[in-house]
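Everything on this sheet refers to the single structure shown next.
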Amino acid sequence: LAGAFYALKSSAAEYVDTLKKNTLIFGGQLSTIKAMEQAQDRLLKGISHFSMTDQLEGMKQLAASGIDARKNLEWIDKAAHATGKSFSEFSSAIANAIQGNMSGLVDMGLMTQRATRLFDKYQANTVMRQQAILNFVKQHKGLQNAIINDFDTIKDQMRRLGAAWKTFLY
C-alpha cells in the first residue's frame, strides 16, 4: 500500500511539475492539460514513438517559434523516428532553423550548407520563414522516403510499453 501511495504521489508531482513548466507556452493550464492528454493518448494508442515529456518538450520548442505544434504532431513524430532523433531533438532543429540557426537541419542531412542561403531572404522568426522551412522539410524527398520505409523495431515497442507502464505505475 505504501508503494502504491508513493507511486501515486510521484506521478502527481511529475504531472504538476510538467503543468507548471508548460502553462505559459501552451496558453493556460487547461490548454496544457489538453496537450499533455493528447501526448499521452498518442503514446497509449501506439500512434507515437515518444514519451509524453519528450513530445511536450518538442511542442514547447515549436510553439516558442510560432508553430502550431498540434497540427504537425503526427508528421514530426514520423520524421523524428525515421531520422533516429527524439521528438524534441527534431522539433528543436526546426525551431532553431526558424530562428536563424540552420545547423541542426544541416547536421541531420536535410539540407546542405549551400541550401541554407535560400532562406536568407526571410527574416528570422517570421511567418514566411516558418512556412518556407516547414514546406522545405516536409517536401524533402529523402525524408519522405525515410518515413515511408521506416519500421518499428522491437526496441521501439519496448520503449512505448515502458512509457505506458510508467504512466500507470508512477
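Everything quoted here is computed from the prediction, not taken from an experiment.
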Problem - Pairs touching residues 98-118 that satisfy ring pair (Phe, Tyr, Trp, His ring centres under 6.0 Å), sequence neighbours left out - result: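 Found none.
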Nearest 0.5 Å please: distance from the [atom1] atom of [X] over to the [atom2] atom of [Y].
| X | Y | atom1 | atom2 | value |
| --- | --- | --- | --- | --- |
| K78 | Q144 | NZ | CD | 12.0 Å |
| S103 | M111 | OG | CE | 11.0 Å |
| L73 | F50 | CG | CZ | 11.5 Å |
| E57 | L62 | CD | CG | 10.5 Å |

For [Y], does its backbone N or O pair with a side-chain atom of [X] as donor and acceptor, under 3.5 Å?
| X | Y | result |
| --- | --- | --- |
| D54 | S88 | yes |
| Q55 | F87 | no |
| Q61 | S92 | yes |

Handout entry: Residues in salt bridge (Lys or Arg N to Asp or Glu O under 4.0 Å) contact with K85, at least two apart in sequence or another chain
Key =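 Result, salt bridge (Lys or Arg N to Asp or Glu O under 4.0 Å) vs K85: none returned.
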Problem - Test log, rule side-chain contact (heavy atoms from CB on, under 4.5 Å), inputs I94 and I67 - result: CA-CA 10 Å; I94 291 174; I67 294 176; 4.0 Å; yes
Under 3.5 Å, side-chain donor or acceptor atoms of residues 128-142 against the rest of the protein: list the pairs with distances, not counting sequence neighbours.
residue, atom, partner, partner atom, Å
R129, NE, A97, O, 3.0
R129, NE, I98, O, 3.2
R129, NH1, F119, O, 2.8
R129, NH1, Y122, O, 3.2
R129, NH2, A97, O, 3.1
Q130, NE2, S65, O, 2.7
N135, ND2, Q131, O, 3.1
K138, NZ, N72, OD1, 2.8
H140, ND1, G142, N, 3.2
H140, ND1, L143, N, 3.0
H140, NE2, L110, O, 3.1

Exercise for the section: Spell out, yes or no, whether L105 and W75 are grouped together once hydrophobic residues are joined by side-chain heavy atoms under 4.5 Å, including indirect joins. Expected result: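 Same cluster: L105 reaches W75 through Ile, Leu, Val, Met, Phe, Trp or Tyr contacts under 4.5 Å.
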Exercise for the section: Could you tell me which non-hydrogen atom of I76 sits nearest to which non-hydrogen atom of S91, and how far apart they are? Expected result: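 Answer, listing the atom of I76 first, then S91: CG2-OG, 3.7 Å.
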